[in-house]
2 protein chains.
Amino acid sequence: MRADAKKNYDQVLAVAAEVVAEQGADASLRDIARRAEVGLGTLYRHFPTREALLEVLLRTTMDELTRKATDIEATCAPDEALLTWSRLAVAFTHTFRGVVDLMATAMDDENSALHASCTKVRADGARLLLRAQDAGLARKDIDGADLLSLIAALGWLNDQPSFAPRAAHLFDVIADALLIAKPHSP
Amino acid sequence: MRADAKKNYDQVLAVAAEVVAEQGADASLRDIARRAEVGLGTLYRHFPTREALLEVLLRTTMDELTRKATDIEATCAPDEALLTWSRLAVAFTHTFRGVVDLMATAMDDENSALHASCTKVRADGARLLLRAQDAGLARKDIDGADLLSLIAALGWLNDQPSFAPRAAHLFDVIADALLIAKPHSP
DNA sequence: ACCTGAACACCGTTCAAGT
DNA sequence: ACCTGAACACCGTTCAAGT
């Protein structure tokens, strides 16, 4: 990449991070280009779709989430691992407003820049869920897609001012539904 | 209302019902006015905000939901009543795409044309929940706002093509979490 | 009273013209 | 190679001018 191109790319990304943090995933691309002091065409050259731009903004955090899945699996009991990771996954959806809708759309679109990352998150969750199920600690009538749906639904609640205050408590309620109480040791 | 005004009002409403059913709550008002063969200003005269228009489209169904709450309460056991009504409430959010976001926004805005109706739904749910709780059939650490949040979250899942297939099953999973198993009679 | 549509301030997206 | 911004086709919202 040419030096001037690289500079524009970085500038757009930096400004986009700010604007998206303020206004969410549907922030005006025109506004981002303007604040980045870059032609609108330049933004489109580097990021052919809105999702391509947001994908870069999310990549670091998503990679971290995957890394943490491995860590947690290695260090926690199956039930605790499932819950801890699920909590992190919900927290990830609060990177900025609209992440959850973005994920839902990406899951349904093979061509989305975010499709692979979202599938990875689902796979990580499925693995932790299966581990808890095998240990007899999680109910067996749900799968990775169900888990991701629940995480997304809880993430959506957090995006709504009127429902957000309930999200943390409802996470616990739903967690209760997923886990099977461990019988007390004698 | 003058006869010509009434005719325009009805025409806009009829067309809006169609267009919103097809495209969801964020359908183009311009498009609705065009298809209704009415000036854009006429649409705004009769429905000063988008919510005012959607409120009329939802009123019938919402009133029905309230009526059914009373029926169900009168005829069903407390736990069955809670579940049956909750299922209807989720179904209501599928009147058209975007109802759930509309409700979330309306709950947070006293001035919304939908605020009163949404509060009513929450109150109906709260009543049925309390009845089940008093009968020892529902867990006591949730309230009407929690129930509405769960209903909205399940409604949101149904709006997402990638998550919708899970919604029915997840309703049952969450229902399990809300209800307390009735002890078998001896 | 009511209707109309132009006017204004925004979008997203594309692409010819420039360096 | 890369950048620019005008151009196009859309929005929502308001309001002067008409009947």
Side-chain angles (χ1 to χ4, degrees), chain A residues 1-57 96-99 101-102 105-106 109 111-114, chain B residues 1-57 96-99 101-102 105-106 109 111-114:
Chain A
M1 184 146 52
R2 235 164 60 176
D4 57 341
K6 166 87 172 134
K7 196 190 140 198
N8 280 333
Y9 178 92
D10 291 343
Q11 182 63 13
V12 167
L13 216 52
V15 170
E18 265 184 58
V19 175
V20 166
E22 282 166 26
Q23 312 188 7
D26 51 356
S28 161
L29 298 180
R30 232 194 189 80
D31 191 30
I32 292 172
R34 228 158 14 213
R35 293 212 218 175
E37 292 172 314
V38 146
L40 193 44
T42 302
L43 186 151
Y44 273 93
R45 157 171 280 265
H46 290 302
F47 307 101
T49 68
R50 169 179 239 104
E51 280 185 332
L53 173 57
L54 297 172
E55 193 271 338
V56 178
L57 290 182
F96 49 80
R97 235 173 331 111
V99 167
D101 295 83
L102 221 51
T105 309
D109 175 13
N111 297 353
S112 164
L114 281 158
Chain B
M1 185 145 52
R2 237 163 62 175
D4 57 342
K6 166 86 172 135
K7 197 190 139 198
N8 280 333
Y9 178 93
D10 291 343
Q11 182 64 11
V12 167
L13 216 53
V15 170
E18 267 184 57
V19 175
V20 165
E22 281 168 25
Q23 313 188 8
D26 50 357
S28 160
L29 297 180
R30 230 194 190 81
D31 191 31
I32 292 172
R34 230 160 10 214
R35 293 211 218 175
E37 291 173 315
V38 146
L40 192 45
T42 303
L43 187 151
Y44 274 93
R45 156 171 281 266
H46 290 303
F47 307 100
T49 69
R50 168 178 241 107
E51 281 185 330
L53 173 58
L54 297 172
E55 193 270 339
V56 178
L57 290 181
F96 50 80
R97 235 174 332 112
V99 167
D101 294 83
L102 220 52
T105 309
D109 176 13
N111 297 353
S112 163
L114 281 158

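These figures come from a predicted structure and were not determined experimentally. The chains referred to below are lettered A, B, ... by the order of the sequence lines, with proteins before strands, and numbering in each begins at 1.
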Nearest whole angstrom, please: distance from the [atom2] of [N] to the [atom1] of [X].
X: A/R45; N: C/dC15; atom1: CZ; atom2: P; result: 14 Å
X: A/K6; N: D/dC2; atom1: NZ; atom2: P; result: 13 Å
X: A/E37; N: D/dC3; atom1: CD; atom2: P; result: 15 Å
X: B/F47; N: D/dT13; atom1: CZ; atom2: P; result: 15 Å
X: A/D26; N: C/dT13; atom1: CG; atom2: P; result: 13 Å
X: A/Y44; N: D/dG5; atom1: OH; atom2: C1'; result: 14 Å
X: A/I32; N: C/dC10; atom1: CD1; atom2: C1'; result: 15 Å
X: A/D10; N: D/dC3; atom1: CG; atom2: P; result: 12 Å

Just how far is it from atom [atom1] of [X] to atom [atom2] of [Y], taken to the nearest 0.5 Å?
X: A/I32; Y: A/L40; atom1: CD1; atom2: CG; value: 10.5 Å
X: B/S28; Y: B/Q23; atom1: OG; atom2: CD; value: 7.5 Å
X: B/L29; Y: B/R50; atom1: CG; atom2: CZ; value: 4.0 Å

OP1 or OP2 of [N] versus the side-chain N and O atoms of [X]: is any pair under 4.0 Å?
X: A/H46; N: D/dC3; result: yes
X: A/R2; N: D/dC2; result: no
X: B/S28; N: D/dG12; result: yes
X: A/R50; N: C/dG12; result: yes
X: A/N8; N: D/dC3; result: yes

field: Opposite nucleotide pairing with D/dC8, Watson-Crick or G-U, both atom distances under 3.5 Å
entry: C/dG12
- request: Name the pairing partner of D/dG18, where a pair is Watson-Crick or G-U wobble with both distances under 3.5 Å, or state none.
  value: C/dC2
- prompt: Taking for each residue the nucleotide of DNA chain C bearing the nearest heavy atom, is the 5' side occupied by B/G41 or by A/L40?
  reply: B/G41
- prompt: Closest approach of B/A106 and B/L114, non-hydrogen atoms and distance?
  reply: CB-CB, 3.7 Å
A/F96 versus A/G24, closest heavy-atom pair with distance: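 Smallest heavy-atom distance, with atoms named: CD1-C, 4.5 Å.
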Between [options], which nucleotide gets closest to the side-chain atoms of [X]?
X: A/R34; options: C/dC11, C/dT4, D/dC3; result: C/dC11
X: A/R30; options: C/dC2, C/dT13, D/dC3; result: C/dT13
X: A/D4; options: D/dC2, D/dT14, D/dC11; result: D/dC2
X: B/D31; options: C/dT4, D/dT13, D/dC11; result: D/dC11

message: Regarding B/E37 and B/K7, does a basic nitrogen lie under 4.0 Å from an acidic carboxylate oxygen?
response: no
query: Base, sugar-phosphate alone, or nothing: which one does B/A33 contact when heavy atoms must sit under 4.0 Å apart?
result: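 Nothing, no nucleic acid heavy atom in range.
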